[in-house]
Amino acid sequence: MVGQCCCVSGCHSRSHNRSREKLDNGLRFFAFPKWKKHEGKQAEEITKRRRMAWVAAVRRKDITFNHIPASMKVCSLHFHSGQPAYEMLDTHPDWVPSLLLGHNEVKVTNKERFARQSRRRLKAHQIVEQVVKEEEEEVEVARGESENRPQQEAENTTKQEVDTAQNPDHHCVEECALCKSKHDEIDYLLEENRRLSQDLDELKMTEQFLKEDDVKVKYYTGLPGHATFQVLLGHVKPFLPQLQELTPFQMILLTFMRLRLDLPLQHISHLFRVPLETAGAAFQDTVSVLYTRLSPLVQWPDRESLLVSMPQPFVDTFGNRVTAIVDCFEVFVRRPSDLDVTLQTFSNYKDSRTLKYLVGITPQGVSSFISKGWGGGPTDKRITEKSGFLDKLLPGDIVLADRGFDIKDSVGLMCAEVRMSAFTRGHHQLEAKDAEETRCMAHLRSHVQKVVGVVRNKYKILSSTLPVTMVVPCEGENVTPLDKVVAVCCALTNLCPSVVK
């Protein structure tokens, strides 16, 4: 195409018509400003800022800071004066195009405001020049008098000092007129710097990201509030490894985002501006520290503690003997490439590959036991017998379980008792007494399902399908990363108010 045309969206200005004849429309076309890197720090900063402002004003996808074709021009219609201002006058209304841009993202600059500023600066400059001129004249007069009349010079000097003492504002008025605009500009820049620093902290996800904001804390961590999060942070921070790319706070926040929101590590690496490998290593290290430091929150209570706070419905139905309510839940894993691993993790109940966990809660609704993960094949009975749960029982304890838990004999060996819903045993319906007891038991046993539901809803990673690497035992340990994740999620849920009222 012969001639030039304007690159602003919706602007059809051009220098030649389709017959290649130059148009007498009085328009001029201007190239995007260059970034001057080798003309001093101030010129480098202001030209970079101006180039960015032009790109933002034009708002075209094919124009970026680092890629602006030479054919891209902006016509004089988009400037108040018909042309761009001098690059160092960054307050000038034509420092960046602002008229007829086809969008409202860039405000139209105010040329009247700039004119007022210019008049104030010119007036201040004239005042300063007048003061300098008067001082020079006084110096000349004083110099002549010093040669002819030393005594008179001393008297004049004394008189000048007296006048200054009597009217001290006389010499400050001119200076204040000049400084006021500078002070206003400095205040504006300081406020802008504060705002930009705050925005940068938000983007970097520093500790300011969650500061005193309970809503954000609940959303990103699942914890009750900022105070609880700060206590947790102080409890684990000294034990986290030191990473150059991430602070301890960012490691904790990154881990919570993975647990709570089930964000992919790829997405998390983009949020924190770190490589994928760094994000993955930070997650694994932080989960290990949380597992070590928070495991005591999932502990088997002593009988005295249970008796003190036993809910009344349990007392009315079973006395003070209920120790735990047990159930199993499964976490899905992706299809392993190893056939043996596939067979070990396949669950007939879920018709998929899973790891099954036995969880026990107290009558108060607190997780008190969590087993290691078992391949989907083992029965609930086998997991209960092999997980170490039976070793926690004391003579006389009562355990509430679902009908699928065939553990009556195993629990009986510990001189404890299992209570579960009654069977009809060939009858069409249960007797009235059994029916009422079954109804009460089903209501009380449902607490464990509520707790498991809260854990899985609060930390959505447990409701997703996890990679096979999560079920590979950790080096030098007899637990898998998924075992640690499940234990950490249960411990974190124990820090929240119980769902059992």
Please report, to 0.1 Å, the donor-acceptor pairs under 3.5 Å made by any side chain of residues 37-44, with sequence neighbours excluded.
none

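- Checked by atom type and distance alone, the side chain of Arg456 pairs as donor or acceptor with a backbone atom of Leu462 at under 3.5 Å.
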Next on the checklist: Does Arg50 form a salt bridge (Lys or Arg N to Asp or Glu O under 4.0 Å) with Asp90? I'd like the steps, not just the answer.
Outcome noted: CA-CA 8 Å; Arg50 190 185 195 192; Asp90 57 346; over 6 Å; no
Item to check | Criterion salt bridge (Lys or Arg N to Asp or Glu O under 4.0 Å) on Asp397 and Lys392, from CA distance to verdict | outcome: CA-CA 10 Å; Asp397 286 344; Lys392 305 287 186 180; over 6 Å; no
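- Note that CG of Asp380 is 4.0 Å distant from CZ of Phe405, once rounded to the nearest 0.5 Å.
- Between the SG atom of Cys489 and the CZ atom of Arg260 there is a distance of 10.5 Å, given to the nearest 0.5 Å.
- Using bins of under 30°, 30° to 60° and over 60° for the plane-to-plane angle, the ring pair Tyr459/Phe256 lands in the tilted bin.
- Of all non-hydrogen atoms in Leu263 and Leu271, the two that sit nearest each other are CD1-CD1, 4.2 Å.
- Ring geometry for Phe329 versus Tyr357: interplanar angle under 30°, hence parallel rather than tilted (30 to 60°).
- Listed here is the closest heavy atom pair of Met310 and Gly319: CG-O, 4.5 Å.
- Remark: the backbone N or O of Ser288 is paired with a side-chain donor or acceptor of Thr292 at under 3.5 angstrom.
- What you find for Trp300 and Ala324 is that their closest heavy atoms are CH2-CB, 3.7 Å.
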Checklist entry - Phe209 and Phe249: ring-ring contact (aromatic ring centres under 6.0 Å, His included), yes or no, with the steps? => result CA-CA 10 Å; Phe209 181 69; Phe249 170 84; 7.7 Å; no
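- By the 30° and 60° cut-offs, the orientation of the rings of His443 relative to His447 is perpendicular.
- Taking the centre and axis of the six-membered ring of Phe65, the NZ or CZ atom of Arg51 falls inside the cone set by 45° and 6.0 Å.
- Between Ile268 atom CD1 and His270 atom NE2 the span is 11.0 Å, to the nearest 0.5 Å.
- Put simply, the side chain of Asp483 gets close to the backbone of Gly373: a donor and an acceptor are under 3.5 Å apart.
- Using modelled atom types, one side-chain atom of Arg60 and one backbone atom of Cys7 make a donor-acceptor pair closer than 3.5 Å.
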